[in-house]
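Heads up, the thing below is written out as structure tokens.
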Amino acid sequence: SVRDGGAWAGGAVRGGGGTRALAGAEIGVCAWGRTVADCVRYRNRTGLVVAIEALQEVGRARSASPAQIMEFARIDRVASVMEPYMRALL
């Protein structure tokens, strides 16, 4: 849960997260590379199309380098799944 840290607790932040103030409240935010890696990680829930579109958008906007995306993919243990898409799209 949010109250005890939930997904942000312990090692889950892994350098790709932080907090920002928004309307007087602290909210958790992620790096773009981590967001793409998480889309691939949860592709069975959200759909592979979402993961591919996220990778395309980050590549188009140059929001994260391929090295940053692959680093978060290694952390999320989806590097072997993401590598073919990285080669094809970027």
Side-chain angles (χ1 to χ4, degrees):
S1 75
V2 174
R3 176 172 246 154
D4 63 5
W8 295 93
V13 173
R14 301 187 290 260
T19 59
R20 300 262 165 82
L22 179 67
E26 291 287 318
I27 58 168
V29 294
C30 293
W32 285 110
R34 173 157 180 203
T35 300
V36 172
D38 285 345
C39 286
V40 172
R41 181 178 181 187
Y42 298 110
R43 68 193 177 279
N44 292 332
R45 294 180 190 168
T46 62
L48 186 56
V49 172
V50 171
I52 292 171
E53 286 179 1
L55 184 56
Q56 287 173 333
E57 185 60 33
V58 167
R60 236 187 323 266
R62 304 261 187 233
S63 302
S65 71
Q68 290 170 328
I69 295 170
M70 287 306 293
E71 177 62 28
F72 287 110
R74 279 188 283 283
I75 291 169
D76 278 351
R77 295 179 292 217
V78 293
S80 61
V81 174
M82 187 180 290
E83 189 174 356
Y85 296 103
M86 291 285 292
R87 290 182 189 274
L89 298 173
L90 300 178

Contact summary for A73 and M82, nearest pair of heavy atoms:
CB-SD, 3.9 Å
Heavy atoms, side chains only, cut-off 4.5 Å: are R43 and V81 in contact?
yes
Can you name the nearest heavy-atom pair linking R34 to D76, along with the distance?
O-OD2, 4.4 Å
Please determine whether residues M86 and L48 belong to a single hydrophobic cluster, defined as Ile, Leu, Val, Met, Phe, Trp and Tyr linked transitively by side-chain heavy-atom distances below 4.5 Å.
yes
How close do R74 and A79 get, counting heavy atoms only, and between which atoms?
CG-CB, 3.8 Å
Any side-chain heavy atom of V58 sitting closer than 4.5 Å to one from I69?
yes
Are any of the side-chain heavy atoms of V36 and F72 separated by less than 4.5 Å?
no
Straight-line distance of E57 CD to W32 CH2, nearest 0.5 Å:
7.5 Å
Correct closest heavy-atom pair for V50 and T46 would be CG2-O, 3.4 Å
Between A21 and E26, the two heavy atoms sitting closest are CB-OE2, 3.8 Å
Would you name the heavy atoms of A54 and C39 that are closest together and state the gap between them?
CB-SG, 4.0 Å
If we ignore hydrogens and angles and just use 3.5 Å, is the side chain of T35 paired with the main-chain N or O of A31 as donor and acceptor?
yes
